[in-house]
S.K.: 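Mind looking over this structure? Questions follow.
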Amino acid sequence: MIHQGKTVAQIIADMEAAPGNTMWAKRVRYLNPCHFVELGTGDGASGIAIMTALRDGSRFTTVDCRNIYGKAFALWADDRRLKIVAGDTIDHSTPRQFDTDIDLLYIDTNHIAWHAATELRMWQAKMVDGALVIVDDLHQNDMVAFWEAISYDKQRCMMNQGIFRYDAGKPYTEHFARPENSELYSAW
C-alpha cells in the first residue's frame with residue numbers, strides 16, 4: 001500500500017510539496033507505485049510524464065481502445081517498465097490480462113459517471129487493498145456525480161482531479177444510468 005497510515009489529504013499535501021518540476025514528476029516520485037495503471041492513454045501526454053519520473057523496479061501500464069499512441073512512447077520501446085494494452089477499459093476481457101497488484105490507478109477515459117463507475121467496479125478486483133485512485137476531469141459532464149458517490153477517504157486536488165484510497169473491505173458497487181446516446185462516448 002502506498003503511504004499506509006496517511007490520509008489522502010496528507011498524501012496530497014506531501015505530494016504537492018515534493019521535489020519535481022511537473023505535477024506527474026511530483027506524484028510519481030512521491031507515491032513510488034509498484035504498478036501504476038492508466039485507463040485512457042489518449043495522446044500519451046500523461047504517460048510520457050509518468051514514464052519520465054517512474055523509478056526502476058516500478059511498472060506502468062496504459063490501456064486505451066484507440067491505437068494512436070505508439071509514437072508517444074517510442075523512447076521507452078524496449079523498457080520493461082512500460083506495457084501498452086490496446087483494449088476497451090469496460091470490456092471484461094481487458095482486466096483479465098492483469099495481475100492483482102495495481103497500487104495506483106488513473107481513471108482518464110471519457111469522463112462520464114456511468115463509464116467511470118463501470119471501470120471502478122471492473123478494475124477493483126485487480127487493485128491491492130488501499131490502492132490510490134486518481135480521477136481526472138471531475139468538471140466534465142456528470143463526473144461530479146461519480147465523485148460524490150465515492151465513499152472512500154478522498155479529496156479533490158489540482159487540475160479538476162480527485163484522489164481516493166480504495167478499501168477492498170467495502171467494494172465499490174455504485175451504478176449510473178448509461179445515456180441513450182452513449183455510443184457518442186465509446187471512442188473516448
S.K.: Measure the NE2-OG1 distance between His175 and Thr173 for me, rounded to the nearest 0.5 Å.
M.R.: 7.5 Å
S.K.: List the steps, then state whether side chain to side chain contact (heavy atoms under 4.5 Å, CB included) holds for Met1 with Asp103.
M.R.: CA-CA 6 Å; Met1 176 191 306; Asp103 59 349; over 6 Å; no
S.K.: Given side chain to side chain contact (heavy atoms under 4.5 Å, CB included), test Ile134 with Arg27 step by step and report yes or no.
M.R.: CA-CA 11 Å; Ile134 302 171; Arg27 286 179 174 180; 3.8 Å; yes
S.K.: Is it possible for you to say whether Tyr30 and Val128 belong to one hydrophobic cluster, with membership spreading through side-chain heavy-atom contacts below 4.5 Å?
M.R.: no
S.K.: Taking all non-hydrogen atoms of both residues into account, name the closest pair between Thr89 and Gly40 and its distance.
M.R.: CG2-N, 4.5 Å
S.K.: State, with a plain yes or no, whether a side-chain heavy atom of Ile12 is found less than 4.5 Å away from one of Ile163.
M.R.: yes
S.K.: Nearest 0.5 angstrom please: Glu174 CD to Arg121 CZ, how far?
M.R.: 8.5 Å
S.K.: Is a donor on one side and an acceptor on the other found under 3.5 Å between the side chain of Tyr152 and the backbone of Lys170?
M.R.: yes
S.K.: Compare every heavy atom of Met127 with every heavy atom of Leu105, then report the nearest pair and how far apart it is.
M.R.: CD2-SD, 3.7 Å
S.K.: Kindly indicate whether the side chain of Arg29, heavy atoms from C-beta on, has any atom under 4.5 Å from the side chain of Pro19.
M.R.: no
S.K.: Is Leu39 reachable from Met122 through a run of hydrophobic residues whose side-chain heavy atoms are each under 4.5 Å from the next?
M.R.: yes
S.K.: Grab the two heavy atoms, one from Asn141 and one from Asn110, that are nearest each other, plus how far apart they are.
M.R.: ND2-O, 3.8 Å
S.K.: Is the backbone of Ile2 close enough, under 3.5 Å, to the side chain of Arg165 for a donor and an acceptor to pair up by distance?
M.R.: yes
S.K.: Does Arg81 use its side chain to pair, donor to acceptor, with the backbone of Leu54 at less than 3.5 Å?
M.R.: yes
S.K.: Between OH of Tyr106 and OG1 of Thr41, what distance do you get to the nearest 0.5 Å?
M.R.: 11.0 Å
S.K.: Please find the pair of heavy atoms, one from Val85 and one from Thr61, that lie closest to each other, and give the distance.
M.R.: CG2-CG2, 3.8 Å
S.K.: Find the distance between CG (Asp64) and CD1 (Ile84) and round it off to the nearest 0.5 Å.
M.R.: 10.5 Å
S.K.: Say you draw a straight line from CE of Met143 to CD1 of Ile112; how long is it, rounded to the nearest 0.5 Å?
M.R.: 9.0 Å
S.K.: Does the side chain to side chain contact (heavy atoms under 4.5 Å, CB included) test come out yes or no for His139 and Asp137, once each step is laid out?
M.R.: CA-CA 5 Å; His139 65 294; Asp137 295 317; 3.4 Å; yes
S.K.: Taking the side chain as every heavy atom from C-beta outward, state whether Met15 and His3 have any atom pair closer than 4.5 Å.
M.R.: no
S.K.: Give the minimum heavy-atom separation between Glu119 and Ile90, together with the two atoms involved.
M.R.: CG-CG2, 3.6 Å
S.K.: How would you list, by chain and number, every residue that makes a ring-ring contact (aromatic ring centres under 6.0 Å, His included) with Phe176, sequence neighbours excluded?
M.R.: none
S.K.: I'd like to know if Val144 and Leu138 are part of one continuous hydrophobic network [Ile/Leu/Val/Met/Phe/Trp/Tyr, side-chain heavy atoms within less than 4.5 Å].
M.R.: no
S.K.: What distance do Ile150 atom CD1 and Phe164 atom CZ have between them, rounded to the nearest 0.5 Å?
M.R.: 4.0 Å
S.K.: Counting only N and O atoms by type, is there a donor-acceptor contact under 3.5 Å from the side chain of Asp129 to the main-chain atoms of Ala168?
M.R.: yes
S.K.: Applying side chain to side chain contact (heavy atoms under 4.5 Å, CB included), run through Ser46 and Glu38 and close with a yes or a no.
M.R.: CA-CA 9 Å; Ser46 297; Glu38 172 187 46; 3.5 Å; yes
S.K.: Hey, are the side chains of Val28 and Thr52 touching, using non-hydrogen atoms and a 4.5 Å cut-off?
M.R.: no
S.K.: Please report the closest heavy-atom contact between Lys26 and Ala17, naming both atoms and the distance.
M.R.: NZ-C, 4.4 Å
S.K.: Which residue pairs pass the ring-ring contact (aromatic ring centres under 6.0 Å, His included) test when at least one of the two sits in residues 35-59, sequence neighbours left out?
M.R.: Trp24-Phe36, Phe36-Phe60
S.K.: Under the side-chain contact (heavy atoms from CB on, under 4.5 Å) test against Ile107, which residue among Asp136, Val37, Val133 passes?
M.R.: Val133
